[in-house]
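In what follows, residues are counted from 1 in the order of the sequence shown. For clarity, every value in this text was computed on a predicted model and none was experimentally measured.
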Amino acid sequence: MCRKRCYPTTWFILLLLLVSSVAYSQALDQLGVKKGVSMSGSISASTTAYSASGIDSRRDPLAWYLNGNLNINLFGYDMPFSFSYSNQGRNYSQPFNQFRFAPSYKWARAYIGTTSMNFSNYTLAGHMFDGLGVELTPGKWRLSAMYGKLLKAVPFDVLNPESYNRAAFERIGYGVKMGYENEGNAYSISLFKAKDNAGSIPYIPDDATITPRENVAMAFNVRQTILKRVFVDVEYSVSALNRDTRSEKNAFDSSRGTSNFLGKFLAPTGSTRYFDAIQAGLGYTGSFYTIQLRYERVAPDYVTLGAYNVVNDMRNITIAPAFQLLGGRVNIAANAGMQVNNLDNSKNSDAKRLVANINMNVVPNDHWAINGGYSNFSNYTRIRPLVDPYFTNPLDTLDFYQVNNNYNGMIMYRTGNKKVQHSISLNTSYQFASDKSSAKDATENLNKFFTSNLSYSYSLQPQALSMGGAVNYYRNTAANLNTTFMGPSVNINKQYFDKTLRTGLTATYNMTQATSQQAGVATTSNSTLFNTGFNINYSPKTKQKNESMGGEGKKKLFNNKQSHNIGATVMWLLRSASGTQPGYNELTSTLNYTYSF
């Protein structure tokens, strides 16, 4: 028993250490000398040189990068480690560095350093943190836990106004998720909490909008199969956010959001808000088809400090059928639904979004492949402007419609044998977008975009030679502007010395014509672009080298297979002058080396 008050953070650290120690002791019990000790990984270094004439440089003249990945397997126990270093971070206090250590053994995995974990979409959802984490999957049970720093403190700089956008409090978070899975059925519950350290920034200007925040989020998830062919999944999440931890306790403002049982984990204040989110699905699996109905609702302003961005204030209802016909040679999938926002009618405008798409894939034989699709995205927005408080005109609104139709298709034919292979394909896409408001004098704005690509490839397997060519055509038609973009491209790839030396040459030539109209006067400009590149890559073949310890039985403890790769790429771009825009050229060269072991 604790004689003094035991804070939740203390209990959580003790639980995490206990779970980690149990997992580690379990791994030690199952270690085997026969598995030996092996090390694998890679280290790569690259440098890029850039020069340009006719325009200002669009990137640094010299950049270099160093990356590494290392994994040590100690008698069956994996211990991976990675790092990244670059001179591109010189604008910060130090270059970019990240270290991640994720040892694993059978059903136990730990995370140490800079890493991320995912509990659910509305609690902890891939947010990076510096700290510790663990995932245990013994049998049908699932257990995850984490503790670490989600944000580092970034103080204000009174001499730099941009610091107002970068300033941040130090944020510490921890969470746990428990679940059970059996024959496709799954049940889980997760809890995540994060809090800013109000004292991590020494000085806060009076006009700063940043405040220290605290958040608790919880999610419940159930997936259950009913009657073998019917399945249902439901996830319900709740979140409590204190927008300013300096607010007075027990001064809850109920003007926005309602309290729930999370109040037991986070004492309500004058700046506390409560949110919820639900997503559910009901599906049926037939002999050659499946159909699923989904519902999702996220409360306005839903926030969790465990995710970088959560799409909120929306309700979405969709139905998604899928079919497999003729023994799987024909596959058809469709999706249709409606999405609305402004669920609490607090905004000056609301929108409805209709979504419908269908895609079909046909593979009649080994030579032909056909694919086609259509999508229709419609938006309806109703704007309710602010009106005089003493006079309201119900007709003083604006309706705005937007329709986006997209068609795409692909047809490909392949033929040949083990020595010679041919392939020809045609890809097309057509997009038609329009929008119009309900105002009497409004005009409909149209935007048409058409793309097509016809390509051919030829391959000689014994000579390790492949060649290809393509013709591209793009046309964009918008209000008072028409743009056409077309041209050929070729590529040649050849391998030498038993495929250890690989070379490639590419070239592209494009012509662009743009026509604009202003005050009834048409203006046309033409330009050309030539882009060519050469790459060479050498990877000598290596033999596997085994190292063993002496002694009885000579147990093999080290298994080392090394490889080297060196490559270089040179790209040259030449653009002609167009109208008032001068011509220019750019040269980019890259040299890289990778050592794998």
Side-chain angles (χ1 to χ4, degrees), residues 40-48 67 69 327-331 361-371 409-428 451-473 486-510 529-546 559-574 587-597:
S40 62
S42 64
I43 298 176
S44 62
S46 64
T47 181
T48 300
N67 301 279
N69 297 278
R329 293 186 179 273
V330 178
N331 293 272
N361 185 40
V362 181
V363 185
N365 51 50
D366 295 336
H367 298 287
W368 290 93
I370 304 171
N371 179 270
M410 183 276 295
I411 183 171
M412 181 176 64
Y413 177 75
R414 294 175 296 183
T415 185
N417 50 45
K418 294 182 178 180
K419 295 182 179 181
V420 182
Q421 294 181 358
H422 304 265
S423 174
I424 185 170
S425 64
L426 174 65
N427 291 270
T428 61
T451 67
S452 64
N453 171 271
L454 178 64
S455 62
Y456 169 76
S457 65
Y458 173 72
S459 176
L460 288 173
Q461 297 295 329
Q463 287 77 21
L465 173 66
S466 64
M467 297 178 290
V471 178
N472 304 295
Y473 178 84
M486 63 180 299
S489 64
V490 295
N491 66 84
I492 303 175
N493 297 280
K494 172 66 176 175
Q495 301 182 28
Y496 303 90
F497 308 122
D498 198 17
K499 299 182 179 181
T500 58
L501 179 65
R502 299 179 294 275
T503 61
L505 177 66
T506 62
T508 302
Y509 181 78
N510 291 305
L529 184 146
F530 178 72
N531 190 4
T532 184
F534 175 76
N535 65 83
I536 183 170
N537 189 283
Y538 179 63
S539 301
K541 291 187 175 181
T542 58
K543 295 183 179 180
Q544 184 169 340
K545 180 182 178 181
N546 295 327
N559 184 3
N560 193 5
K561 184 178 181 180
Q562 302 177 359
S563 66
H564 304 266
N565 180 278
I566 185 171
T569 302
V570 179
M571 299 293 295
W572 181 59
L573 183 147
L574 174 64
L587 180 65
T588 306
S589 304
T590 302
L591 179 65
N592 59 77
Y593 169 77
T594 302
Y595 170 65
S596 302
F597 53 91

Just by distance, do the side chain of Ser539 and the backbone of Thr500 share a donor-acceptor pair under 3.5 Å? no
Answer yes or no: is there a donor N or O on one side and an acceptor on the other, between the side chain of Arg329 and the main chain of Pro364, under 3.5 Å? yes
Do Thr569 and Thr590 meet the criterion of a side-chain donor-acceptor pair at a distance under 3.5 Å? no
Any donor-acceptor N/O pair, Arg414 side chain to Ser423 backbone, under 3.5 Å: no
Determine whether Ser489 and Asn491 make a side-chain contact, defined as any pair of heavy atoms from C-beta on separated by less than 4.5 Å. no
Can you tell me how far apart CE (Met571) and OG (Ser589) are? Round to the nearest 0.5 Å. 10.5 Å
Enter the distance from Tyr595:OH to Ile566:CD1 here, rounded to the nearest 0.5 Å. 15.0 Å
Which atom names give the shortest non-hydrogen contact between Asn592 and Ser46, and what distance separates them? CB-CB, 3.6 Å
Any chance the side chains of Thr508 and Asn531 put a donor and an acceptor closer than 3.5 Å? no
Would you please test Thr532 and Leu574 for side-chain contact (heavy atoms from CB on, under 4.5 Å) and show each step? CA-CA 9 Å; Thr532 184; Leu574 174 64; over 6 Å; no
Hey, could you give me the NZ/NZ distance between Lys499 and Lys494, rounded to the nearest 0.5 Å? 10.0 Å
To the nearest 0.5 Å, what is the distance between OG1 (Thr594) and CG (Asn537)? 8.5 Å
What pairs with His564 under side chain to side chain donor-acceptor pair (under 3.5 Å), at least two apart in sequence or on another chain? Tyr593
Quick check: are there more than 12 heavy atoms from other residues, nucleotides or ligands sitting under 6.0 Å from CG of Asp366? no
Got a second to check how far Thr506's OG1 is from Phe534's CZ, nearest 0.5 Å? 10.5 Å
Looking at OG1 of Thr415 and CH2 of Trp368, how far apart are the two atoms once the value is rounded to the nearest 0.5 Å? 10.5 Å
Can you tell which of Leu505, Thr503, Val570 makes a side-chain contact (heavy atoms from CB on, under 4.5 Å) with Ile536? Thr503
Minimum heavy-atom distance between His367 and Asn365, given as atom pair plus value: N-OD1, 2.8 Å
Side-chain polar contacts of residues 460-470 - donor-acceptor pairs under 3.5 angstrom, sequence neighbours left out - could you list them?
| from | atom 1 | to | atom 2 | distance (Å) |
| --- | --- | --- | --- | --- |
| Gln461 | NE2 | Ser459 | OG | 3.0 |

Parallel, tilted or perpendicular, judged at 30° and 60°: which one describes the rings of Trp572 and Phe530? perpendicular
Just wondering, are more than 12 heavy atoms of other shown residues or ligands nearer than 6.0 Å to OH in Tyr456? yes
